[in-house]
Student: 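Starting off with a structure, shown below.
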Protein chains: 2
Amino acid sequence: MRRAQLLPALAAALMLTAAAPPAKPLTPREIVDQAPASAWRTIDPEDLMVIDLKNGGRVIVQLAPQFAPVHVANIRALARGGWWTGAAVYRVQDNYVAQWGNNETDKPIPKGVVAKPPAEYERPLAGLTINPLGSPDAYAPGAGFTLGWPVAYDSKGGTANLPHCYASVGVGRGLSPDTGMGGELYAAIGHAPRHLDRIIAVVGRVVEGIEAFSALPRGTEALGFYKERSSDVPIARVTLAADLPASERPSFQYMDTESPSFAAYVKGRANRQDDFFIRPAGGVDLCNAPVPVRRTPTK
Amino acid sequence: MRRAQLLPALAAALMLTAAAPPAKPLTPREIVDQAPASAWRTIDPEDLMVIDLKNGGRVIVQLAPQFAPVHVANIRALARGGWWTGAAVYRVQDNYVAQWGNNETDKPIPKGVVAKPPAEYERPLAGLTINPLGSPDAYAPGAGFTLGWPVAYDSKGGTANLPHCYASVGVGRGLSPDTGMGGELYAAIGHAPRHLDRIIAVVGRVVEGIEAFSALPRGTEALGFYKERSSDVPIARVTLAADLPASERPSFQYMDTESPSFAAYVKGRANRQDDFFIRPAGGVDLCNAPVPVRRTPTK
């Protein structure tokens with residue numbers, strides 16, 4: 001029955017491959033699972049922040065110094081200076097963010113932290129090689145991927161910025177010109193809050209353990225703050241992977257966004273062809289094609 | 001200081017209004033809070049499904065018979081036939097869906113339920129008045145709002161469909177041509193899974209209590225299924241609001257998507273002008289401007 005419905009072009013291709021059955025397109029997951037080692041880049045352990053909650057949860061964040069170098073340097077200095085020891089997740093707003101730090105305390109800022117960083121909300125487009133998404137974006141003239149990150153950009157203005165996607169990590173701040181020093185951070189736990197793009201410094205993304213944030217009880221006060229301090233979710237410690245003993249150091253890889261595997265992955269996300277997906281979408285949202293990240297395989 | 005920076009046009013406007021301070025644009029929330037009664041439509045209690053979890057959580061879903069009439073009729077019959085009594089939430093996949101029903105049981109299907117509903121994945125565009133979003137969409141040629149719902153559409157093909165946004169409720173199904181009879185439902189609890197558009201029947205949206213799903217522990221098995229049946233989150237009962245005694249019946253209103261208030265709300269979501277939003281986005285994603293819904297005010 002199926003054979004009879006084959007289109008002529010496909011039938012011709014089949015004749016070339018003799019008895020081989022028609023190749024079924026790989027699913028996005030299969031593309032990722034079968035990607036060669038050359039498609040992966042290991043994340044610098046200086047760019048991995050390990051957040052251990054007292055409840056046993058662990059959240060690992062990849063930092064993005066290519067986009068917010070001063071804020072990222074601050075975050076490293078804050079981690080090394082023990083800023084988050086005794087801190088807590090104090091705000092969990094449904095379909096929005098989980099936020100952690102030392103809200104409303106007088107904790108002294110560790111040495112080496114720039115108190116008033118510049119507004120690293122966007123960076124020059126120049127110098128970036130962008131792999132375009134191929135679908136329109138509601139928030140920017142251009143959307144694509146670069147250096148292992150999703151990116152929104154404006155060729156005319158010459159700027160590029162990290163978009164707020166699910167699991168993106170940004171820097172809490174007060175009113176402008178304050179940009180936040182990096183001590184109060186949030187992760188997006190709902191639909192991509194892209195309206196925050198270019199008005200807040202995005203400094204990274206959660207690469208493992210987001211459920212330790214996203215499954216937390218929602219705060220009942222305005223903006224999702226917990227009503228009682230006793231509801232706060234205490235943080236045991238925050239460490240850079242680079243500072244952990246080698247035996248305990250987590251290691252992750254992201255897919256090279258210029259690799260053929262990544263191009264196939266994005267194409268697959270836009271045109272799902274598993275048996276379940278009876279009608280490919282023909283497009284994909286920037287935040288609905290997250291850059292694949294994996295634990296570095298042991299040899 | 002601020003006065004000195006006023007632009008000429010604004011300064012002129014100020015002179016006209018004499019001593020009045022310049023009007024500050026309303027935030028989207030203020031627009032909703034100040035919308036007149038005429039901007040609201042009360043939801044038919046036949047279209048409200050009340051899901052009571054045994055843990056005390058309550059989730060209220062608005063059904064969309066305008067888009068999936070046979071599936072919605074099934075869901076009403078399933079609720080009235082006690083289908084979900086003793087059922088459970090058995091799948092919670094992070095950044096994707098929470099799913100509930102009677103998975104892998106032989107529970108008999110209540111009377112009046114159509115076992116094999118038609119594929120109500122989209123409906124004719126004809127007959128719908130659409131208020132366009134005004135921003136591009138990655139998944140459909142057109143995006144906007146109609147009848148109190150977000151809608152994706154294709155003028156050329158003459159079809160319209162409910163998009164999968166955060167809190168959208170869809171019908172779990174097996175492989176095509178099965179469309180699911182409505183007994184296994186899911187709610188989106190992460191970034192809008194728009195790749196499911198037009199291949200699954202969307203039947204409604206959670207209008208209150210989504211956190212009773214979204215904050216649940218994530219399942220550790222493939223696709224977020226709970227490993228042990230003992231981890232399932234039991235459902236006490238599912239009732240239509242119409243079948244509750246008047247004194248216990250919840251009542252909700254949605255904002256008329258053709259009202260001036262709604263137009264102002266969408267414009268505000270695309271161009272946030274609070275003090276915090278130093279740079280309006282100039283666009284908005286279809287799923288990032290959820291149609292406002294509120295409890296019907298008591299007089």
Side-chain angles (χ1 to χ4, degrees), chain A residues 28 92-95 119 121-122 133-141 143 165-167 173-177 188-200 210-212 214-218 220 224 269-272 274-290, chain B residues 28 92-95 119 121-122 133-141 143 165-167 173-177 188-200 210-212 214-218 220 224 269-272 274-290:
Chain A
V92 183
Q93 186 172 1
D94 194 69
N95 191 22
Y121 305 150
E122 57 195 9
L133 176 68
S135 293
D137 187 79
Y139 292 90
C165 293
Y166 188 87
R173 65 163 171 86
L175 293 182
S176 179
I189 58 163
H191 185 71
R194 297 283 308 276
H195 52 290
L196 298 175
D197 286 7
R198 300 172 70 230
I199 68 159
I200 283 191
I210 182 80
E211 62 276 10
S214 59
L216 287 175
R218 277 41 178 163
T220 54
R269 289 291 299 178
N271 296 285
R272 296 288 292 265
D274 332 17
D275 291 335
F276 191 82
F277 289 83
I278 53 175
R279 190 150 52 178
V284 64
D285 179 71
L286 180 60
C287 290
N288 206 8
Chain B
V92 183
Q93 186 172 1
D94 195 69
N95 190 24
Y121 305 152
E122 57 195 9
L133 176 68
S135 293
D137 187 79
Y139 292 90
C165 293
Y166 188 86
R173 64 163 171 87
L175 293 181
S176 179
I189 58 163
H191 185 71
R194 297 284 308 276
H195 52 290
L196 298 175
D197 286 8
R198 301 171 70 231
I199 67 157
I200 282 190
I210 182 81
E211 61 277 8
S214 60
L216 287 175
R218 276 42 178 163
T220 54
R269 288 290 299 178
N271 297 284
R272 296 289 291 265
D274 331 17
D275 290 336
F276 191 82
F277 289 82
I278 53 176
R279 189 151 51 178
V284 64
D285 178 73
L286 180 60
C287 290
N288 205 9

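So you know, we letter chains A, B, ... as the sequences are listed, proteins then strands, and number each from 1. From a predicted model like this one, the values you see are computed outputs, not experimental measurements.
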Student: Heavy-atom distance under 4.5 Å to chain B: side chain of A:P193, backbone, both or neither?
Tutor: backbone

Student: Please state whether the side chain, the backbone, both or neither of A:F277 comes within less than 4.5 Å of a heavy atom of chain B.
Tutor: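 Looking at A:F277, backbone and side chain both touch chain B.
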
Student: Which heavy atom of A:H191 sits nearest to which heavy atom of B:D285, and what is that distance?
Tutor: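 Nearest heavy atoms, A:H191 then B:D285: NE2-OD2, 2.8 Å.
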
Student: How far apart are the C-alpha atoms of A:N95 and B:I210, what are their side-chain angles, what is the distance that settles it, and do they pass the side-chain contact (heavy atoms from CB on, under 4.5 Å) test?
Tutor: CA-CA 9 Å; A:N95 191 22; B:I210 182 81; over 6 Å; no

Student: Is it the backbone or the side chain of A:I200 that comes under 4.5 Å from a heavy atom of chain B, or both, or neither?
Tutor: side chain

Student: Compare every heavy atom of A:A138 with every heavy atom of B:P136, then report the nearest pair and how far apart it is.
Tutor: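 In terms of heavy atoms, the two residues are closest at O-CB, 3.7 Å.
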
Student: With a 4.5 angstrom heavy-atom cut-off, is it the side chain or the backbone of A:R198 that approaches chain B, or both, or neither?
Tutor: both

Student: Using a cut-off of under 4.5 Å for heavy-atom pairs, which of B:C287, B:A215, B:P280 has the most such pairs with chain A?
Tutor: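 Sorted descending by pairs with chain A, the first entry is B:A215.
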
Student: What heavy-atom pair brings B:Y139 and A:A281 nearest, and what distance separates the two atoms?
Tutor: CD2-CB, 3.7 Å

Student: Which region of A:I278, side chain (C-beta onward) or backbone (N, CA, C, O), has a non-hydrogen atom less than 4.5 Å from a non-hydrogen atom of chain B, or is it both or neither?
Tutor: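 Both backbone and side chain.
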
Student: Chain B heavy atoms under 4.5 Å from A:D274: which part of the residue, side chain, backbone, both or neither?
Tutor: neither

Student: Does B:R173 use its side chain to pair, donor to acceptor, with the backbone of A:F276 at less than 3.5 Å?
Tutor: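 Confirmed, B:R173 side chain pairs with A:F276 backbone.
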
Student: Show your reasoning for whether side-chain contact (heavy atoms from CB on, under 4.5 Å) applies to A:E122 and B:R279.
Tutor: CA-CA 12 Å; A:E122 57 195 9; B:R279 189 151 51 178; 3.4 Å; yes

Student: Between A:R194 and B:N288, what is the shortest heavy-atom contact and its length?
Tutor: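 Reported closest heavy-atom pair: N-ND2, 3.9 Å.
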
Student: Looking at B:A140, B:S176, B:A192, which makes the most heavy-atom pairs under 4.5 Å with chain A?
Tutor: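 Of B:A140, B:S176, B:A192, B:A192 has the most heavy-atom pairs under 4.5 Å with chain A.
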
Student: Roughly how far apart are A:N271 CG and B:H195 NE2, rounded to 0.5 Å?
Tutor: 12.5 Å

Student: Taking only residues two or more places apart in sequence, or in another chain, which ones meet B:R269 in a salt bridge (charged side-chain N to carboxylate O under 4.0 Å, His left out)?
Tutor: none

